[in-house]
There are 2 protein chains.
Amino acid sequence: MATLKEISLKAGVSVSTVSLVLNNRDAGRVKAHIAERVRKVAQDLGYHPNLMARGLRTNHTRILGFLSEEVATTPYAGGMILGAQEAARKNGYVLITVSTDGENSEDAEIAVLERYGVDGFFYAKMSNRFTTVPSRLSNYPVVLLDAVDSHNTVTSITPNELLIGYDATKKLIDAGCTRIAYIGCSEPMLAQGKRLEGYKKALTEAKLPIDENLIINVFNNGPALHAVEKLMCTYNPDGYFCFNDARAWYVYESAARSGLTIGRDISVVGVDNHRVLAETLSPQLTTVELPHYEMGYWAACKLISMIEDCDTSKFALPSTRSPLPSLANNGTVTIHCALIDKESVQ
Amino acid sequence: MATLKEISLKAGVSVSTVSLVLNNRDAGRVKAHIAERVRKVAQDLGYHPNLMARGLRTNHTRILGFLSEEVATTPYAGGMILGAQEAARKNGYVLITVSTDGENSEDAEIAVLERYGVDGFFYAKMSNRFTTVPSRLSNYPVVLLDAVDSHNTVTSITPNELLIGYDATKKLIDAGCTRIAYIGCSEPMLAQGKRLEGYKKALTEAKLPIDENLIINVFNNGPALHAVEKLMCTYNPDGYFCFNDARAWYVYESAARSGLTIGRDISVVGVDNHRVLAETLSPQLTTVELPHYEMGYWAACKLISMIEDCDTSKFALPSTRSPLPSLANNGTVTIHCALIDKESVQ
DNA sequence: CTGTTAGCGCGTTCAG
DNA sequence: CTGAACGCGCTAACAG
């Protein structure tokens, strides 16, 4: 690793001149031909600044801390890290990811990241919920991922859960379904209530009745299958909106046992576009995609803009299936999730 | 963030004395009572060394670089990162994870990690395969994850694929199955050949015939389902060893359509213990767990031992379902994966 | 327009 | 037994 000093020696100028040139702060301060020579030598030596030394001096490291409660391990949410990483990379930043296994270790993890001099933090949760950000983070730029700040003060990005329920149900209505079931989630989650609300909104708008018999909440386990089978036999829904792709499987299995064909006899919409499940199921599952990658990407751009206190227009957002909200937004930002049309809706 | 200087001022000693004491190098060099005072002040001020400054001085940062080709995004392999992270944390290290989207960006990513002064690298692949490690890494300690070095020189950890096939098939044989099918993978993978080999080995040992009609390789898509249905109707296997949990789903679906009950009429064993799939399926899928967390944990301990050139006995390996190999091993290390007994084998 | 000087926070000689 | 002095690689004052 070449150093500034080596370059200065070889180019016959002082270290500070080299620093000036290589940081492009030589406009009208260093003669053009000498600046050129410096650049040449740097190029030849394959110079890259030592980021630790620079960080020590400038007090910013271009390291972002990614705090999560085992989010890295969930099959769903690795995409958030990937998206954040990608956006970070494009802007010359890097991620240190840390998982906290509980509230108690959290403080220690933050302390470690502080010692490395991170410039800001992501604070990610496993699924959309209200959260209070640790007070230790209050001096840093922070963006919440898949969680909403209880005090409604720190910027966050989450899926628009209501629209998920609305779009999915609308899809089934437009396909001609009139008796649409909702296979919900027994665990208390923000997403559960909102998606149900969207489901009801779509039905109401279409002047379809809300039949409480068609609404069930299940855990992700054996009894869930029986509950779905029973619902199918008893009330014969022609459409199913499922809280997630895993719950959609119960519909597939029940249909197979009942001799019903998905995409013809009944229609199904899930949520997640879970890589393994949604791709494996046959016919492929029409599902609303949770845009983890996109949320991560957005959060990183947002965080960097906060760190650099700069105009958000410098960030090029990728064009993705779920269009990203403007970076100018603050507070509780939501993202309209794309419905991925596959084969399970007639 | 308190500094050495602040402590030295408050304690009325010099900076170097503080450094000595706080690094526990004060044996017979600093008077006990003064050392005690220094420690007290440091405690009060909540002192933690600035890791960048230390790294600049010592040329090691306690940062580990985790290179992977989108491994972070696969639903399978996030566990590797988690395991590596956990082991790193326990030993005072931290991870910078970087995904390369192709061979070309790889070199640039490595360069970035070098500039941050990482002490060593993980080089992870998406699934067990032969790999040549980028020459740029040759000056660093490196551990390969879920991949084997083509030149057989850098240390790697991978699942013992042969035993996966053997154990899974043996499980079915012990349950009384005599016509055991193998639902394999059409993509060329190291794992495919080895698992098939283990399957055949178990059959041969049990003096069961190897019937090529019972062996099919499929992609993960619609036609796979038809292939499995056809196999089921035509040859009536009583046991199924599936390359992975996703392929096991085809057996579940086919069985449901044929009116067969899994765990009674036929038995199924998968591979992955994929969080969503294996837990959602009903009856729950008996499957061989790919110990991603464990591999990551092992790799981190190994890498740190290489960096510190220290005895491997200082590392406490967690007791996990798949017992970890000794850290004394070098070269191509494999891990015996645990079979998770659930409900799909009679 | 350029080079000298200083110091970020730390660890390590080397005198005293 | 302790503290002064130096340097890691870099940037930012300020002087020339």
Side-chain angles (χ1 to χ4, degrees), chain A residues 1-39 41-42 45-63 92 111-112 114-119 308, chain B residues 1-39 41-42 45-63 92 111-112 114-119 308:
Chain A
M1 296 273 280
T3 69
L4 280 192
K5 195 202 269 184
E6 287 172 40
I7 296 175
S8 75
L9 254 41
K10 209 152 191 164
V13 294
S14 82
V15 175
S16 46
T17 304
V18 179
S19 172
L20 234 42
V21 172
L22 264 28
N23 287 316
N24 295 315
R25 306 196 57 74
D26 59 322
R29 311 186 63 185
V30 177
K31 274 191 290 220
H33 74 276
I34 190 154
E36 209 38 61
R37 190 166 76 228
V38 168
R39 271 185 247 277
V41 173
L45 263 49
Y47 171 78
H48 290 293
N50 179 319
L51 294 174
M52 259 175 320
R54 175 180 282 176
L56 191 57
R57 203 38 235 201
T58 62
N59 261 320
H60 57 259
T61 53
R62 303 184 86 83
I63 299 176
V112 170
E114 281 186 307
R115 294 172 58 194
Y116 278 104
V118 299
D119 293 340
E308 300 183 351
Chain B
M1 296 272 278
T3 68
L4 281 191
K5 195 201 269 183
E6 287 173 39
I7 296 175
S8 73
L9 254 42
K10 207 151 193 164
V13 295
S14 82
V15 176
S16 46
T17 304
V18 179
S19 173
L20 235 41
V21 172
L22 262 30
N23 286 316
N24 295 316
R25 307 198 57 75
D26 60 321
R29 313 186 60 185
V30 177
K31 276 192 289 225
H33 73 274
I34 189 153
E36 210 38 63
R37 189 167 77 229
V38 168
R39 273 185 245 275
V41 174
L45 262 47
Y47 172 78
H48 291 292
N50 179 318
L51 294 175
M52 261 177 316
R54 174 180 280 177
L56 193 56
R57 205 40 231 185
T58 61
N59 262 320
H60 59 256
T61 53
R62 304 183 85 84
I63 300 177
V112 171
E114 279 186 307
R115 295 170 56 190
Y116 278 103
V118 298
D119 293 340
E308 299 183 352

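Naming: A, B, ... by sequence-line order, numbering from 1 per chain. Computed from a predicted model, the values in this text were never measured in an experiment.
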Rounded off to whole Å, could you give me the CD1-to-C1' distance for the A/I7 and D/dG9 pair? 11 Å
All salt bridge (Lys or Arg N to Asp or Glu O under 4.0 Å) counterparts of B/D119, not counting sequence neighbours: none
Presence of A/T3 side-chain N/O under 4.0 Å of D/dG9 phosphate oxygens OP1/OP2: no
Can you name the residues that form a salt bridge (Lys or Arg N to Asp or Glu O under 4.0 Å) with B/R62, not counting sequence neighbours? B/E308
Any side-chain to backbone donor/acceptor pair from B/R37 onto B/A11? Under 3.5 Å, distance only. yes
Atom P, compared across C/dT4 and D/dG7: separation rounded to whole Å: 16 Å
Describe the nucleic acid contact of A/S19 in one word from base, sugar-phosphate, nothing, applying a heavy-atom distance below 4.0 Å. base
Contact list for residues 2-15 of chain B, test side chain to side chain donor-acceptor pair (under 3.5 Å), sequence neighbours left out: B/S14-B/S16, B/S14-B/T17
Between A/L20 (CG) and D/dT11 (C1'), how many Å, whole number? 9 Å
Run the side chain to side chain contact (heavy atoms under 4.5 Å, CB included) test on A/V38 and A/L22 for me, step by step, so that the C-alpha distance in whole Å, both residues' side-chain angles and the decisive distance to 0.1 Å come before the verdict. CA-CA 8 Å; A/V38 168; A/L22 264 28; 3.9 Å; yes
Heavy-atom closest pair (A/D26 atom, A/A35 atom, distance to 0.1 Å) is OD2-CB, 3.6 Å
When we call it a touch if two heavy atoms are under 4.0 Å apart, what does B/I34 touch: a base, just sugar-phosphate, or nothing? sugar-phosphate
If you look at every strand shown and take non-hydrogen atoms under 4.0 Å, does B/V15 touch a base, only sugar-phosphate, or nothing? nothing
Just how far, in rounded Å, is C1' of D/dG9 from NE2 of A/H48? 16 Å
Under 4.0 angstrom, heavy atoms only, what part of the nucleic acid is A/N23 near: base, sugar-phosphate, or nothing? sugar-phosphate
Could I get a table of every N or O pair under 3.5 Å where one atom is in the protein and the other is in nucleotides 4-6 of chain D?
residue, atom, partner, partner atom, Å
D/dA4, N6, B/S16, OG, 3.2

First and last nt of DNA chain C near chain A, cut-off under 4.0 Å to heavy atoms, 5' to 3', are C/dC1 to C/dG9
Please report, rounded to the nearest Å, how far the P atom of D/dG3 is from the CG atom of B/L4. 14 Å
Pairs counted as Watson-Crick or G-U wobble with both distances under 3.5 Å: what dot-bracket string results for DNA chain C, using | for bases tied to another strand? |.|.||||||||||||
Keeping A/Y47 on the side-chain end and A/V41 on the backbone end, is there a donor-acceptor pair under 3.5 Å? no
